[in-house]
Amino acid sequence: MNIALRPSLTLDDRFARELPELTVPWQAEKAPDPRLLVLNESLASELGLDPASLRTPEGLRLLIGNLVPDGATPVAQAYSGHQFGGFSPRLGDGRALLLGEIVGADGRLRDIHLKGSGRTPFARSGDGLAAVGPMLREYVVGEAMHALSIPTTRSLAVVGTGRSVLRKGLLPGAVLTRVASSHLRVGSFQYARATGDMNLLRRLADHAIARHHPEAAEAGRPYLALFEAVLAAQATLVAQWMLVGFVHGVMNTDNMTISGETIDYGPCAFMEAFDPATVYSSIDEGGRYAYGNQPVIAEWNLARLAEALLPLFQDDQEQAVALAVESLDKFRGQYGDAWSAGMRAKLGLSDRLDVEVTSPLVDELTTLVHAERVDHTSFFRTLSRAARGHADSVRGLFVDVAAFDSWAQRWRALGPDADLMDRNNPIYIPRNHLVEEALAAGTAGDLDPLGRLLGAVTRPYDERPGLEGYAAGAQEDFGTYQTFCGT
Ligand code: AMP
Ligand code: MG
């Protein structure tokens, strides 16, 4: 007989203990009828948790915070944030809780966090809940990002609550169990700074250094080194987003982590037709968070982090500002280097080639694919066939074939490595029409389309027969795609 082990979860309360001013102890709302929708078995194992026991009724209650392990102190975290450029001093976890920290099988400390677990004192006018669809979106897009080796928070499970949530109509509710190397955000520092308590700000910075950037502790100016470490992590992160065509959609300062992980998959989507002005979010009317703006917005957010940290850089304010500006100036170079190196790999070009040669070629390509709104993902993946001497499929993506041929001739003369290209250009990304189809089916209780989509996007580079439909862009009748926030 196969008897599942009793589920066990040992959680630390380090954040709640070290930074009580940034927490409100709170409990998750009780779910009337918890049903497991999706469990991330490999992540569970990485965390040292037994997947079979998490599937039991007791395991589900653990996953949604309805059973709190001994020693854990679930808290709602306080943070501020610039939302679309305007400062909100008190945001915080309105519908989320930090259950505590877990030490994984690899010895690393991670947060176990809930989303959709009920109203907290930070809920304002929100209902504290989440619908099944958006939680499944966070699950599938986050796992796709992870498989693309892009730093990200991950999803351990989505559990249906058995409670309806009122959105445009009534929708089934769910709780997402999220795993992150922490939930420290730029907005956490903005909150600490706004309290005027410099001791709190310093303790928060020390906590962040210990947890994410321990090398900063050895630097001459540890807090400036922390800032530069966050800047470096964000520069490479956003470069990786740009290379795969990811549009986050709501890069408010409360949605930018100190760890350098992607967080909060709300109105996010992958760009299909190449266009820097691409926006999917229904509320981003000015295009502030458009695809092409993301690096500039990351830099803007980092300037807000520097402002929050300023008193820790140096007592003299003028000197502190000078130090911050000097550090912030490094962002563009670091972002540019990460992006250029990634683009060279996507084009199969050796990093020994002179940038004077590769850079104009990349610029010309950008103009070409933008002019013809070529599908970003399909272009790079089919280009590797051209590197192997079969240019038909990639040529078929262009109307002005002569312009492409002229570019391709110069590119091929540089000896592109097709295998390098296939390791750097995914064939399967979470295509918007497929995500919508999987979410609609999942909301109606059919999780098979989600399972199949996960199967494709969690091995993004590995072309497999039968998955052709997962590699293609949406049909014209899919129309202009829009995503929605606050869902
Ligand atoms: P987000 O756009 O998901 O990053 O959330 C921005 C802020 O709104 C955070 O403070 C969230 O906790 C809060 N929030 C979003 N949705 C809800 C909801 N349904 N109920 C309560 N608070 C919410
Ligand atoms: Mg958020």
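Both counts, for ligands and for their atoms, begin at 1 and track the order of listing.
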Under 4.0 Å, heavy-atom basis, I'd like to know which part of R124 is in contact with ligand 1: side chain, backbone, both or neither.
side chain
Below a 4.0 angstrom heavy-atom separation, can you tell me which part of L129, side chain or backbone, both or neither, approaches ligand 1?
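Near ligand 1, L129 shows its backbone, while the atoms from C-beta on stay back.
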Which of these passes side chain to side chain contact (heavy atoms under 4.5 Å, CB included) with L136: L439, L454, V435, V141?
L439
Any N or O of D264 that comes nearer than 3.5 Å to an N or O of ligand 1?
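There is such a contact, yes.
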May I ask you to test the L312-F227 pair for a side-chain heavy-atom distance under 4.5 Å?
no
Do the non-hydrogen side-chain atoms of M251 and W241 ever get within less than 4.5 Å of each other?
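Yes, close enough: below the 4.5 Å cut-off.
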Mark up the atoms of ligand 1 that fall under 4.0 Å of a heavy atom belonging to [X], in ascending order.
X	result
D93	12 (O)
G92	9 (C), 10 (O), 11 (C), 12 (O)
L91	10 (O)
G128	18 (C), 19 (N), 20 (N), 21 (C)
N255	4 (O)
Y79	9 (C), 10 (O)

From S125, S80, A78, G94 - option closest to atom 22 (N) of ligand 1 by heavy atom
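Heavy atom nearest to atom 22 (N) of ligand 1 belongs to G94.
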Nearest candidate to atom 16 (N) of ligand 1, where distance is taken over non-hydrogen atoms, out of R95, R90, R119
R95
Check if A123 has a non-hydrogen atom at a distance under 4.0 Å from any atom of ligand 1.
yes
Just checking, any donor-acceptor pair under 3.5 angstrom between side chains of Q475 and H433?
no
Short side-chain donor-acceptor distance under 3.5 Å, Q482 and S282:
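No.
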D127: which of R119, R167, R163 passes salt bridge (charged side-chain N to carboxylate O under 4.0 Å, His left out):
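That would be R167.
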Sole candidate of D12, D206, D111 that passes salt bridge (charged side-chain N to carboxylate O under 4.0 Å, His left out) when paired with R211:
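Answer after filtering D12, D206, D111: D111.
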Which protein N, O or S atoms lie under 2.8 Å from the Mg ion (ligand 2)?
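Protein N/O/S atoms under 2.8 Å of the Mg ion (ligand 2): N255 OD1, D264 OD2.
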Tell me whether E326 at atom CD has more than 12 heavy atoms from other residues, nucleotides or ligands lying less than 6.0 Å away.
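Check fails, neighbour count at 12 or below.
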Is the gap between the ring centers of F84 and Y289 under 6.0 Å?
yes
For the aromatic rings, using the six-membered ring if either is Trp, is the centroid distance between Y280 and Y481 under 6.0 Å?
yes
Should E46 and R154 count as an ion pair when the cut-off is N to O under 4.0 Å?
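The answer is yes: the pair qualifies as a salt bridge.
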Hey, mind stepping through Y79 and L22 against side chain to side chain contact (heavy atoms under 4.5 Å, CB included) and telling me if it holds?
CA-CA 7 Å; Y79 50 85; L22 301 183; over 6 Å; no
